[in-house]
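For reference, the structure is listed below as structure tokens.
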2 protein chains.
Amino acid sequence: MATEHDKYIKPSVAVDIVVFTIMENELKVLLIKRGQQPFAGMWSLPGGFIHIDESPEDAALRELEEETGVKDVYLEQLYTFGRPNRDPRGRVISIAYYALVDSSKIKPHVTGAEKIENVQWVDVSDLPKLAFDHEDIVGYALKRLRYKMEYTAVGLELLPDLFTLTDLQRVYEIILSEKLDKRNFRKKVLSMGVVEPAKIYKKGPHRPAMLYRFKKSKPASTFKRIKFEG
Amino acid sequence: MATEHDKYIKPSVAVDIVVFTIMENELKVLLIKRGQQPFAGMWSLPGGFIHIDESPEDAALRELEEETGVKDVYLEQLYTFGRPNRDPRGRVISIAYYALVDSSKIKPHVTGAEKIENVQWVDVSDLPKLAFDHEDIVGYALKRLRYKMEYTAVGLELLPDLFTLTDLQRVYEIILSEKLDKRNFRKKVLSMGVVEPAKIYKKGPHRPAMLYRFKKSKPASTFKRIKFEG
DNA sequence: ACAAAAGTGTTCCTAATACACCCATGA
DNA sequence: TCATGGGTGTATTAGGAACACTTTTGT
């Protein structure tokens with residue numbers, strides 16, 4: 001039951017987003033160097049407070065667009081972190097999300113007031129110490145991403161509209177950190193029915209590869225593009 | 001970015017808990033009849049606002065003990081619901097949990113000011129209309145519970161310390177709404193290594209059944225493979 | 001002796017894995 | 001013609017699913 005007391009001392013509510021992308025054959029996370037106290041000068045996850053008239057998802061998408069310039073993103077709620085002393089300034093509850101973005105869609109210049117030096121894509125296997133409990137959040141996101149990769153085709157969200165099966169396999173190998181068998185991988189992906197061949201081939205120095213695209217017609221049960229709660 | 005504005009108009013943060021138990025061979029959810037507006041007289045999930053010095057988990061456990069008298073509960077965070085107009089009184093963000101309790105541990109009398117008439121265990125297949133977006137929350141909890149039952153032994157949390165394998169099978173059958181094969185079920189459960197036989201037998205009108213207990217040494221998280229298909 | 005629940009093995013089938021060679025192209 | 005990545009099929013194995021009878025007890 002709510003008491004009058006509760007109504008006066010309210011926590012702040014923020015969103016934090018673990019943004020994954022694949023660049024240079026590595027899984028990267030977007031980090032922001034903090035300008036103010038607390039943890040000034042330390043790296044942290046992008047995020048911010050929820051506006052009073054927007055849903056947490058919208059807040060996450062807004063922050064994401066501000067930092068990466070990308071609008072069409074796979075976004076999934078991760079977990080809500082609310083330990084009383086996780087933020088030294090006071091009570092802040094953070095709804096954490098993770099996002100998957102195609103690196104080719106990222107705009108090189110960020111739109112906000114941030115300097116480029118303060119916004120970096122960092123290799124997940126080479127993370128610095130992070131502000132607040134953001135290391136826990138990244139760890140949780142990684143666990144969830146890897147888990148989800150085992151039984152869905154989320155990996156598609158990290159690729160451009162047209163991609164080869166080898167591209168997709170590379171995404172899985174990078175994230176799961178293990179080599180996969182080419183024939184078995186293709187069998188599995190094709191049997192899921194989540195991709196369809198474009199009739200275009202990718203030209204290159206060697207044999208042209210068939211380009212595929214994400215098949216939108218598939219029911220959401222097999223491949224979730226939208227998260228729960230409309 | 002947070003503006004000063006945000007810092008003044010903060011949302012309230014609540015927890016709502018979907019408490020499952022098995023009674024009378026049915027899966028039940030704990031509901032509370034609301035005494036005040038909004039939705040006065042309607043059924044709703046137990047829950048309440050987070051105190052300023054407690055974690056969301058602690059808030060959920062506190063509410064849970066108030067309503068059921070049970071302390072030792074399986075509790076898992078579900079999802080955070082934060083649509084701007086989900087509560088007509090104003091901005092309320094709710095961190096939803098689900099809990100599994102052994103019905104034999106529930107104290108018949110609730111400790112709060114609630115009348116017993118206003119606190120009921122209701123069959124999940126026979127839910128009334130619920131206040132707020134609580135029907136969505138229950139739906140989500142059910143989905144998650146069923147999903148988790150497929151590959152873990154969470155069902156154990158609904159049973160007393162000692163139980164027969166038939167008891168456990170009944171739990172799974174009730175929640176998944178399907179009949180399971182006795183031999184396959186036992187093979188699976190025993191191969192997981194999550195239970196161990198007590199050396200006691202349950203006496204009854206027929207052949208005595210071996211009683212089992214939950215084996216604490218084994219992490220319940222690791223035991224089956226997930227199917228590729230979602 | 002019988003009613004009622006406890007307990008137990010084997011066969012079948014599907015799905016995952018392991019594994020190696022030919023193909024098409026640009027240089 | 002060769003270097004490079006693209007593309008394909010089969011045999012084996014492991015795990016899930018289907019399936020029926022004997023055992024033990026209380027009445």
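A, B, ... follow the sequence lines: proteins, then strands. Residue 1 opens every chain. Remember, predicted model here, so these are calculated numbers, not experimental data. Note that these values count all heavy atoms, side chains included, but never hydrogens, waters or copies made by symmetry.
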Is there, by distance only and without an angle test, a donor paired with an acceptor across the side chain of B:Lys182 and the base of C:dG7 below 3.5 Å?
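Such a pair is found, so the answer is yes.
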No-H, no-angle donor-acceptor pair, A:Lys187 side chain to D:dT10 base, under 3.5 Å
yes
Given ring pair (Phe, Tyr, Trp, His ring centres under 6.0 Å), test B:Tyr212 with B:Phe163 step by step and report yes or no.
CA-CA 5 Å; B:Tyr212 287 78; B:Phe163 52 87; 7.0 Å; no
Give the rounded distance in Å between these two atoms: [atom1] of [X] and [atom2] of [N].
X: B:Met210; N: D:dT23; atom1: CE; atom2: C1'; value: 15 Å
X: A:Asp181; N: D:dG9; atom1: CG; atom2: P; value: 14 Å
X: B:Leu176; N: D:dA17; atom1: CG; atom2: P; value: 12 Å
X: A:Asn25; N: D:dG5; atom1: CG; atom2: P; value: 12 Å
X: B:Leu190; N: C:dG7; atom1: CG; atom2: C1'; value: 11 Å
X: B:Asp167; N: C:dA5; atom1: CG; atom2: P; value: 12 Å
X: B:Lys179; N: D:dC19; atom1: NZ; atom2: C1'; value: 13 Å
X: A:Phe185; N: D:dG9; atom1: CZ; atom2: C1'; value: 19 Å

For A:Arg186, all residues meeting side chain to side chain contact (heavy atoms under 4.5 Å, CB included), sequence neighbours excluded
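Testing A:Arg186 for side chain to side chain contact (heavy atoms under 4.5 Å, CB included), a comparison that skips the adjacent residues, returns A:Leu165, A:Thr166, A:Lys182.
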Taking only side-chain nitrogens and oxygens of B:Thr166, does any of them come within less than 4.0 Å of OP1 or OP2 of C:dA5?
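No, outside the criterion.
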Are a donor atom and an acceptor atom from the side chains of B:Gln77 and B:Tyr98 found within less than 3.5 Å of each other?
no
Distance (rounded to the nearest 0.5 Å) between A:Asp72 CG and A:Leu61 CG
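Rounded to the nearest 0.5 Å, the CG-CG separation comes to 10.0 Å.
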What's the spacing between B:Lys215 NZ and B:Glu196 CD if we round to 0.5 Å?
6.0 Å
Can you list, by residue number, the residues of residues 197-208 of chain B that have a non-hydrogen atom closer than 4.0 angstrom to DNA chain C?
B:His206, B:Arg207, B:Pro208
Quick one: on DNA chain C, does B:Thr164 or B:Asn184 contact a more 5' nucleotide (nearest heavy atom)?
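Here B:Thr164 is the residue nearer the 5' end.
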If each of A:Tyr212 and B:Arg183 is mapped to the nucleotide of DNA chain D with the nearest heavy atom, which maps nearer the 5' terminus, i.e. the 5' end?
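Checking each residue's closest nucleotide, the 5'-ward one belongs to A:Tyr212.
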Donor-acceptor pair, distance only, cut-off 3.5 Å: does the side chain of B:Ser103 make one with the backbone of B:Met23?
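No.
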Mind checking salt bridge (Lys or Arg N to Asp or Glu O under 4.0 Å) for B:Glu26 and listing every partner two or more places apart, or none if nothing turns up?
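With neighbours one apart ignored, the set is empty.
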